[in-house]
Amino acid sequence: MARDSIFHPDFQPRPYWWEAYAPTAGELAEVPREARVAIVGGGYSGLSAALELAKHGVEAVVLERGALGVGASTRNGGSVSGGVNIGKSFSGRAAEVAPERAQHLLADASDAFSLIERLIEEEGIECFWMKHGRFVGAWTPKHYAYQEKRLASLNDDAQSGAYMVPRGRQREEIASDYYYGGMVVERSASLHPALYYKGLLDACRQRDIAICAEASVEKITANGTGRRVETSRGTVTAGDVVIATNGYTGGVTPALRRRVVPIASHIIATEELPEDLAASLIPKWRSISDTKRVLCYYRMSPDGRRMVFGGRARFTPANPELCARVLHGYMTERFPQLQGARVTHSWTGNTAFTLDALPHMGEEGGLHYCLGCNGSGVAMMTYLGTQTARKIARVANAPCAFDGPEFPDHPLYTGNPWFLPLVGGYYRMRDRLDRLLA
Ligand SMILES: Cc1cc2nc3c(=O)[nH]c(=O)nc-3n(C[C@H](O)[C@H](O)[C@H](O)COP(=O)(O)OP(=O)(O)OC[C@H]3O[C@@H](n4cnc5c(N)ncnc54)[C@H](O)[C@@H]3O)c2cc1C
């Protein structure tokens, strides 16, 4: 294959999803001088917090640095899970989680799935919500055995509807022999991430919530019992402030920045594939991911015609054309039949990893936060935004499992993830070794 033949002549270095909704600032809403709650960040978590607050009669303003949806919320793969990884951290040393806490975490992660499903239905959001489940391919026989060990807890605590698929039956799930079998999780879904975002935005607008694009929050200071929030377009005085900046958390909240590691993830979309080929790749329309340390995640586009293939081509933001080459390579390792499929879109975005691999909500220095999707936040960040709102509106029936004071930091980490390329290289080597020794 010629060096550049993976690129379609119409190649664009931007999300495929933006063909349906591209982030825009629209007509700029004025930054109000006062608000009961100011929310920093206008992604899923910021918008869902504002929406839930409005449902309880609490007025909020959303302050977004860029265009509406410019963060990860219109860039992700659109796989929706009702689980959470416990005991598996990006640093490789996750905190031990007591069994009762693990149960509580899984139960709330399962609630996150119910919440997003209900929200989409109640708000009439047309975002290709499809409950076709997920297949997680095992990279080694050991990984398969580990998945098998987790089945009972996933099914008991998160009602995941999970079961194992041995290697001999793998082709019922995926037209590839790349894995050693894997796990199906029936209680998973997929959606069009940018249309889901647009649906949340419309729902907020219908309730007259002030959503201020291009209002970068530059300073937050105490002001009596509330906070003074200075933005690039004016200052708001607010009773409560919610930090919903996830993988884009910056110097305005240094204590929180030290607790999340922004890790880039990258995705490509292929051109429309011949119908038979497209229909054969993932016959049950599942979302797919794998158990590798440097994992890949992929699915067919909502119309079933393109492969949308993501992974950590690099751990940091990188040139979309370079990432496209790497991801195309990963894709054809799994599906050699896609050698000739050209890439039409390639893009990148930031996720936020935490040192204990768990998402968190809580309060730090008088600021509420919901942060740390650990790569899986379509349902979870919607949930944490909603839970934070319920806490502020004092309507939560019980504390959320992800709410608490334990949000670990590391004395040597100040928010600059200079070490990520080294970690990426090390993880790739470990993946190769695991397979060699399998
Ligand atoms: C490539 C990729 C693929 C992914 N795939 C999946 C997937 O398949 N399934 C899944 O569940 N999750 C996935 N995720 C994760 C998911 O997208 C995120 O968890 C989710 O979108 C986070 O939403 P959020 O609202 O917390 O953050 P974001 O949507 O990132 O929004 C944060 C916002 O804060 C704004 N901001 C930052 N600083 C300031 C400031 N000072 N002032 C004002 N605004 C500020 C940013 O501009 C940004 O818009 C993926 C992420 C990426 C990047």
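Index from 1, following the sequence. Indexing begins at 1, ligand by ligand and atom by atom, following the structure's order.
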Heavy-atom closest contact (Phe128 atom, Pro302 atom, distance): CG-CB, 3.6 Å
Please report the interatomic distance CE(Met164) to CG(Leu151), rounded to the nearest 0.5 Å. 6.0 Å
Could you tell me whether the side chain of Tyr196 reaches within less than 4.5 Å of the side chain of Val80, counting heavy atoms only? no
Can you pull out the closest protein heavy atom to atom 18 (C) of ligand 1? Residue, atom name and distance to 0.1 Å, please. Cys373 SG, 3.9 Å
Pick whichever of Pro23, Ser79, Pro15, Gly43 has a heavy atom sitting closest to atom 9 (N) of ligand 1. Ser79
Between ligand 1 and Val217, is the shortest N or O to N or O distance under 3.5 Å? yes
For ligand 1, which is the ligand I care about here, please tell me if Gly66 has any N or O atom under 3.5 Å from one of the ligand's N or O atoms. no
Give the single entry among Ser45, Ala72, Ala244 that approaches atom 32 (C) of ligand 1 most closely by any heavy atom. Ala244
Provide the number and element of each atom of ligand 1 under 4.0 Å from a heavy atom of Ser376. 10 (C), 11 (O), 12 (N)
Contact between ligand 1 and Gly250 is defined here as a heavy atom of the residue under 4.0 Å from a ligand atom; is it met? no
Strictly below 4.0 Å, N to O, side chains only: are Arg286 and Glu186 in salt-bridge contact? yes
Closest non-hydrogen protein atom to atom 48 (C) of ligand 1, residue and atom name please, with distance? Glu64 OE1, 3.4 Å
Charged N-O contact under 4.0 Å between Lys55 and Glu123: yes
